[in-house]
Asker: 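Shown below is the structure under consideration.
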Amino acid sequence: MIKKILENLEKSNCSIDDPFMQAVSEVLNSLQPVIENDDRYDTYAILERIVTADRMIQFKVQWVDDHNRVHVNNGYRIQFNNALGPYKGGLRFHPSVNIGVLKFLAFEQIFKNALTGLPIGGAKGGSDFDPKGKSDFEIMKFCHAFMRELHQYIGARKDIPAGDIGVGTKEIGFLYGEYKRITRDYDGVLSGKPFTFGGSLLRPEATGYGVVYFAQEMLKQELEEVLEDQICTVSGAGNVAIHTIEKLQSIGAKVVTCSDSEGTIYDPNGIDLDVLRSLKDNGKRLSLGFYATKISTAVYIHKADYPIGGHAVWNYPCFAAFPCATQNELTEIDAQNLINNGCVAVIEGANMPTQPSAIELFLSEGVLFAPGKAANAGGVAVSEFEMSQNASMEKWSYEKVNAKLNEIMCQIYKRISLTAKEYGNERNFVIGANISAFKRIAEAMILEGV
Ligand code: NDP
């Protein structure tokens, strides 16, 4: 049945190297033991329905730059599945955005949201707009134009977008401002808002902190190990990477790398977060090359100076690696380098950053591998806390949000490790995450009827 569905998808609209096909294949291929033990999945055509988006919305975004030149971009919102609750998932602004990328992200989001145990469905959206090199006014004008179209499809009980690559607190502020001007509704429809008008404490930090909470629990339970005093490598230099580094440093780990789309920094003394922030925080997009001009012990490796097929960021000895940049950034060659250099755990902060052959290698070599849909779910969990706070007009304390975030990450670990064990694949957290999320979503779809 699984083979037929994948063939049909390929025939209809997807090529095998499409990230959506990659994500669907990974999930469906791990569901065989569940599917064969419950006829209802076939009766209710759950697999066919779960791989098909409820709707895919595409719109034109027209805006004017600081020199009065007119630009047109594509805008999208993919509402994939709302069996468990309102559609929920981020907006990505990046030139690589297209329907295929957003379909993969929206599909993954259904499973991630299900793993949190919270009542949220899955969606994703964004635009091929490139925020790099744009002034704040241009970003504001683009966000306003984007929201003029998007507002008609979203709502606090319907679809609640958040941030992702290229969309941080600043962009969410502009988007929410326009939403309120158009609708005159103060219903908190976006999450990741600035704290002064409805945002939750700890939302900016939540994904990165959650990644570390997950890693701590996994290492404690599986290896009786801690991250304190261990060397870690992190890729990326955006929201998820910065907060992963911040939390790792706060618990005594030494993070020796970070990277962006142009190159990698290796700093054997540990990444200096103040310097990194001065280049990348809050939407700043300066080159990481400047880091090495400020810190004499650091080395900058431009991507052009590193052999094709791998990334410099994964070529340093470490105890644990945290890919936090983007999809498919960690190749089989990188995986082999990490293993050769003594890495015992890989925890995904980004969405699907590890290529399938690299995952296979980690699993076969006994490296603990935590898939993003489980390990990076802390961001969406705190987004849901923001929705709760908005609905009740409350403000939760930092301590309360942090404790709940930690609890959710530990529960996710427990849920997926127990499921992996139950289905005869101990320590295979890919299978554990896919089966555990699938069962929750499928049950809701069956109970709600067709
Ligand atoms: P940001 O835009 O804040 O940062 C993205 C970082 O990745 C930047 O440093 C960027 O470099 C780098 N990057 C982008 N493309 C590439 C590439 N092709 N090769 C190497 N580096 C690249 O995004 P986030 O930190 O928010 O998101 C990072 C990942 O985490 C994404 O996969 C996202 O989907 C996922 N995620 C984010 C959540 C959140 O709460 N923000 C929640 C859950 C998952 P440059 O500056 O040069 O573009």
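If you're wondering where the values come from, they're calculated on a predicted model, not measured in any experiment. One-based numbering along the sequence shown. Each ligand, and each atom within it, is numbered from 1 in the order the structure gives.
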Asker: With no hydrogens and no angle check, do the side chains of Ser191 and Ser383 hold a donor and an acceptor under 3.5 Å apart?
Answerer: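 Present: a donor and an acceptor within the cut-off.
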Asker: Can a side-chain donor-acceptor contact be found between Ser388 and Lys404 if the only test is distance below 3.5 angstrom?
Answerer: no
Asker: For a quick check: using heavy atoms under 4.0 Å, what are the residues in contact with ligand 1, sorted by chain and number?
Answerer: Arg92, Lys112, Lys132, Asp164, Ile165, Gly166, Arg203, Thr207, Gly236, Ala237, Gly238, Asn239, Val240, Ser259, Asp260, Ser261, Lys280, Cys324, Ala325, Thr326, Gly349, Ala350, Asn351, Asn376
Asker: Of all residues at least two apart in sequence or in a different chain, which pass the salt bridge (charged side-chain N to carboxylate O under 4.0 Å, His left out) check with Lys280?
Answerer: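 Checked Lys280 against salt bridge (charged side-chain N to carboxylate O under 4.0 Å, His left out); matches are Asp260.
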Asker: Using a strict 4.0 Å threshold on nitrogen-to-oxygen distance, state whether Asp136 and Lys170 make a salt bridge.
Answerer: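 So Asp136 pairs with Lys170 through a salt bridge.
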Asker: Glu246 and Tyr209: side-chain donor and acceptor closer than 3.5 Å?
Answerer: yes
Asker: Is there a donor-acceptor pair under 3.5 Å between the side chain of Glu386 and the backbone N or O of Lys193?
Answerer: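 Side chain of Glu386 to backbone of Lys193: a pair is present.
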